[in-house]
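The block underneath contains the structure these notes are about, expressed in C-alpha cells.
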Number of protein chains: 2
Amino acid sequence: MDQVEVFKALSNKTRLQILSWLKDPEVHFPAQALNGYANGVCVGQIHAKSGLTQSTVSEYLSSLQRAGLISSTRVGQWTYYKRNEEAFKALSKLIEADI
Amino acid sequence: MDQVEVFKALSNKTRLQILSWLKDPEVHFPAQALNGYANGVCVGQIHAKSGLTQSTVSEYLSSLQRAGLISSTRVGQWTYYKRNEEAFKALSKLIEADI
DNA sequence: TTGGCATATCGAGAATAACCGATATATATT
DNA sequence: AATATATATCGGTTATTCTCGATATGCCAA
C-alpha cells in the first residue's frame with residue numbers, strides 16, 4: 001500500500017462521494033441487471049450522478065483502483081466497480097497504529 | 001474535520017515523515033531544554049532533519065495544523081509542535097465507519 | 001462488417017501544490 | 001536601542017492535479 005497514493009486518492013470531494021455511494025449501492029443506484037450489486041456499479045451510473053464528464057469519472061475510478069480502494073470487473077461492455085473493504089480496514093489500522 | 005483537507009495534508013512523503021518523527025520525539029530529536037518533549041519539538045529541529053528549507057517546513061507544519069493533526073505552543077522564540085493523537089484516533093474511526 | 005453503446009485514453013488549459021530565496025515579525029540578549 | 005536568533009510570510013518557478021472535449025478501443029447486435 002503506497003500511503004501517499006492512497007491519501008491523494010482520498011483528497012477529492014467527488015472521489016469521496018463516489019466511495020460513499022458505493023458503500024450502499026442499492027440506495028444510490030437503480031437496480032443492476034447483472035448479479036444484483038455483487039459486481040459493484042458500472043461507470044455510467046456513477047457518471048450519471050457525478051456532475052462531471054465521463055472521462056473525468058473514468059480517470060477518478062482508475063485512481064481509486066490504483067490506490068487499491070476499489071476493484072473492477074468487466075462484464076460485456078460494462079465495467080463494474082466496487083469497494084475493497086479490506087483496504088479500508090487496513091488503512092484504518094494503519095492510521096491507528098503507524099501513521 | 002474537513003476530510004479533504006486532512007487527506008491532502010497526509011498526501012506528502014515529507015509531511016508523513018514529520019508525523020512519524022513526532023510520534024517518538026525522544027528517538028528522533030536531541031533533548032529539548034524546555035519541559036522535555038511535553039510541548040513537542042521546535043521547528044528548527046524538524047527543519048534540520050528534513051532536507052527542505054525552513055520556509056517549506058514551516059508551511060508544512062501549518063498545513064498539518066490546519067488539518068488538526070498537530071498543535072503548536074509558542075514558548076519564547078520557539079514554536080513547538082506535537083501530534084494531536086485524538087485526531088488520528090478520530091480519523092481511524094472515520095475510515096472504519098464512514099468513508 | 002457496419003453501426004452503436006460503454007469505457008478508456010489523449011491532449012490541453014486552468015487551478016493548485018511543491019518548493020525555493022528573500023524578507024518580515026517576534027522574542028531575547030546586551 | 002541594537003543585534004541576534006527562531007519562525008512566519010511573500011513572491012516566484014516548476015510540477016502536479018483537475019477537468020474538459022475529442023478520439024480511440026472494446027464489445028455487442030443487426
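Below, chains carry the letters A, B, ... as their sequence lines are ordered, and counting in each starts from 1. Every heavy atom of this structure was used, including side-chain atoms; hydrogens, water molecules and symmetry mates were not.
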Is Arg74(B) close enough to dA8(D) that one of its side-chain N or O atoms is under 4.0 Å from OP1 or OP2 there?
no
Starting from P on dA24(C), measure out to CD on Glu59(B) and report it in whole angstrom.
19 Å
Measuring from the side chain of Val43(B) (C-beta onward, heavy atoms only), which nucleotide among dC19(C), dT7(D), dT19(D) has the closest atom?
dT7(D)
May I ask you to test the Leu16(B)-Phe7(A) pair for a side-chain heavy-atom distance under 4.5 Å?
yes
Atom OH of Tyr80(A) and atom C1' of dG26(D) are separated, to the nearest Å, by 15 Å
Does the dG21(C) base have a donor-acceptor partner in the side chain of Thr53(B) within less than 3.5 Å?
no
Please confirm whether any donor atom in the side chain of Gln77(A) sits under 3.5 Å from an acceptor in the base of dC5(C), or the reverse.
yes
Per the side chain to side chain contact (heavy atoms under 4.5 Å, CB included) rule, which among Leu69(A), Ile70(A), Asn12(A), Leu61(A) passes with Ile18(A)?
Leu61(A)
Counting only side-chain nitrogens and oxygens, does Tyr60(B) get under 4.0 Å of the OP1 or OP2 atom of dC19(C)?
yes
Student check: side-chain heavy atoms of Asp98(B) and Gln3(B) closer than 4.5 Å:
no
Thr79(A) near the nucleic acid: base, sugar-phosphate alone, or nothing, with a heavy-atom cut-off under 4.0 Å?
sugar-phosphate
Could you tell me the separation between the CZ atom of Arg15(A) and the P atom of dT19(D), rounded to a whole number of Å?
8 Å
Just how far, in rounded Å, is P of dC18(D) from CG of Leu10(A)?
12 Å
To the nearest angstrom, how far is Leu52(B) atom CG from dA15(D) atom P?
16 Å
Ser55(A) or Trp78(A), whichever maps to the more 5' nucleotide of DNA chain C:
Trp78(A)
Taking atom types as they are modelled, is there a donor-acceptor pair under 3.5 Å from the base of dA8(C) to the side chain of Gln54(A)?
yes
Could you check Lys8(A) against Thr56(A) and say which one's nearest nucleotide on DNA chain C is further toward the 5' end?
Thr56(A)
Can you tell me how far P of dT19(D) sits from CD of Gln17(A), to the nearest Å?
13 Å
Whole angstroms only, please: what is the CG-C1' distance between Leu61(B) and dC19(C)?
15 Å
Where does the angle between the aromatic ring planes of Trp21(B) and Phe29(B) fall among parallel (under 30°), tilted (30 to 60°) and perpendicular (over 60°)?
perpendicular
Could you check how far CG of Asn12(A) sits from P of dA15(C), rounded to whole Å?
17 Å
Given 3.5 Å as the limit, does a donor-acceptor pair link the side chain of Asn84(B) with the main chain of Ser71(B), or not?
no
